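Below is one structure, written out as structure tokens, with a few remarks after it.
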Amino acid sequence: MSIFVNGTAVAGPGDPRVSLLDFLREHLDLSGTKKGCNQGACGACTVLVDGTRILSCLALAVQYDGREITTIEGLSDTTGLHPLQTAFIEHDGFQCGYCTPGQICSAIGMAAEAKRGVPSHVTVDLAADVTLTRAEVQERMSGNLCRCGAHNGIIEAIQDAFATEMVA
């Protein structure tokens, strides 16, 4: 069994009961992905699997044999931070920073969903392309909680980073 984490093949866990979250944090020492509620309610553990956002606390690592997992550590490259990471800094999209990795991974997955035309609860026209208005972003990011009050900065950072895909 081999899982690709941030572009590197790693052997899966010996125990098939290990969650993807615990595998990343405890076996691979990738501490950016946070353990919040450990019940899938807060979004702090959000990572990308083949570009799709998932809650890693609700997934077993063995489910992802041969798949590409991207954590917050895998978003930046040799040229610098991911544009959304930069936007979070510019818009003060964090206070304590605990939810930030999950927020960023979720927002990247959210933008990809919208680009594919996946509607949300507030999507007005299901037959048209999805426009990421403020209401759309807020609805789509509602599974990622911020407990310290950086919500407005988070939304502004997402809107700034994905401005070409958004209106208002």
Side-chain angles (χ1 to χ4, degrees), residues 1-89 93-94 96-121 123 126 129-130 132 136-147 154 157-158 161-162 165:
M1 175 181 178
S2 182
I3 302 172
F4 296 90
V5 179
N6 299 329
T8 302
V10 296
D15 184 347
R17 299 169 295 173
V18 173
S19 72
L20 181 58
L21 172 61
D22 289 339
F23 179 64
L24 294 169
R25 291 183 58 80
E26 297 173 17
H27 296 250
L28 302 180
D29 294 323
L30 295 172
S31 59
T33 305
K34 302 299 186 224
K35 185 178 280 193
C37 67
N38 209 28
Q39 298 177 17
C42 73
C45 68
T46 304
V47 297
L48 301 168
V49 176
D50 298 329
T52 300
R53 59 186 172 165
I54 68 153
L55 300 171
S56 63
C57 72
L58 297 180
L60 296 174
V62 296
Q63 293 175 272
Y64 298 96
D65 183 21
R67 311 275 302 272
E68 176 63 43
I69 310 296
T70 305
T71 67
I72 192 72
E73 293 92 346
L75 293 178
S76 60
D77 59 24
T78 57
T79 62
L81 296 175
H82 185 281
L84 185 56
Q85 291 172 310
T86 301
F88 262 68
I89 294 167
F94 52 90
C96 76
Y98 196 81
C99 73
T100 305
Q103 295 275 1
I104 290 173
C105 286
S106 187
I108 291 169
M110 177 266 319
E113 291 165 9
K115 192 175 271 190
R116 289 192 316 269
V118 177
S120 78
H121 178 70
T123 302
L126 299 180
D129 289 340
V130 174
L132 290 174
E136 277 284 350
V137 173
Q138 288 175 311
E139 172 64 23
R140 290 170 183 270
M141 293 297 294
S142 65
N144 290 78
L145 305 179
C146 172
R147 292 174 178 89
I154 291 167
I158 294 168
F162 299 113
E165 301 163 34

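The first residue in the sequence is number 1, and the count goes up from there. Only heavy atoms go into these numbers, but all of them, side chains included; no hydrogens, no water, no symmetry mates. Note that this is a predicted model, so its numbers are computed, not measured.
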Check for a donor-acceptor pair, side chain of [X] on one end and backbone N or O of [Y] on the other, with a separation under 3.5 Å.
| X | Y | answer |
| --- | --- | --- |
| Arg53 | Ile108 | no |
| Asn144 | Gly102 | yes |
| Ser56 | Cys45 | yes |

Salt bridge (charged side-chain N to carboxylate O under 4.0 Å, His left out) involving [X] - partner list, sequence neighbours excluded:
| X | value |
| --- | --- |
| Lys35 | Asp22 |
| Arg116 | none |
| Arg67 | Asp50 |

Which distance, rounded to the nearest 0.5 Å, do you find between the [atom1] of [X] and the [atom2] of [Y]?
| X | Y | atom1 | atom2 | value |
| --- | --- | --- | --- | --- |
| Leu20 | Ile54 | CG | CD1 | 5.0 Å |
| Gln103 | Met110 | CD | CE | 10.0 Å |
| Leu132 | Thr123 | CG | OG1 | 9.0 Å |
| Leu58 | Gln39 | CG | CD | 9.0 Å |
| Ile154 | Met141 | CD1 | CE | 7.0 Å |
| Thr52 | Glu113 | OG1 | CD | 7.0 Å |

For [X], which residues count as a side-chain contact (heavy atoms from CB on, under 4.5 Å) partner, sequence neighbours excluded?
| X | value |
| --- | --- |
| Ile89 | Leu81, Phe94 |
| Leu30 | Val5, Asn6, Leu24, Leu28, Thr71, Glu73 |
| Asp65 | Met1 |

The criterion is side-chain hydrogen bond (donor to acceptor under 3.5 Å, both in side chains); which residues satisfy it with [X], sequence neighbours excluded?
| X | value |
| --- | --- |
| Arg140 | Glu136 |
| Glu139 | none |
| Glu26 | none |
| Thr100 | none |

Report the C-alpha distance between Thr33 and Leu21 in whole Å, list the side-chain angles of each, state the deciding distance to 0.1 Å, and finish with yes or no for side-chain contact (heavy atoms from CB on, under 4.5 Å). CA-CA 7 Å; Thr33 305; Leu21 172 61; 3.6 Å; yes
For Asp77, does the CG atom sit with more than 12 other heavy atoms under 6.0 Å from it, leaving out its own atoms? yes
Quick one: are [X] and [Y] in side-chain contact, heavy atoms under 4.5 Å?
| X | Y | result |
| --- | --- | --- |
| His82 | Ser76 | no |
| Cys57 | Asn38 | yes |
| Cys42 | Arg147 | yes |
| Thr70 | Leu75 | yes |

Looking only at non-hydrogen atoms, find the nearest pair between [X] and [Y] and report the distance.
| X | Y | answer |
| --- | --- | --- |
| Ile104 | Leu84 | O-CD2, 3.5 Å |
| Thr46 | Cys105 | O-CB, 3.5 Å |
| Tyr98 | Ala44 | CE2-CB, 4.4 Å |
| Gly97 | Pro101 | O-CD, 3.5 Å |
| Ala112 | Gly51 | CB-O, 4.4 Å |

N/O donor to acceptor pairs below 3.5 angstrom from side-chain atoms of residues 7-15, sequence neighbours left out:
| from | atom 1 | to | atom 2 | distance (Å) |
| --- | --- | --- | --- | --- |
| Asp15 | OD1 | Arg17 | N | 2.9 |
| Asp15 | OD1 | Arg17 | NE | 2.9 |
| Asp15 | OD2 | Arg17 | NE | 3.4 |
| Asp15 | OD2 | Arg17 | NH2 | 2.9 |

Could you check Val62, Val49, Ile69 and say which one makes a side chain to side chain contact (heavy atoms under 4.5 Å, CB included) with Ile3?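 Testing each of Val62, Val49, Ile69 against Ile3, the sole residue satisfying side chain to side chain contact (heavy atoms under 4.5 Å, CB included) is Ile69.
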Output every pair passing ring pair (Phe, Tyr, Trp, His ring centres under 6.0 Å) with a member in residues 16-47, not counting sequence neighbours, ordered by first then second residue. Phe23-His27
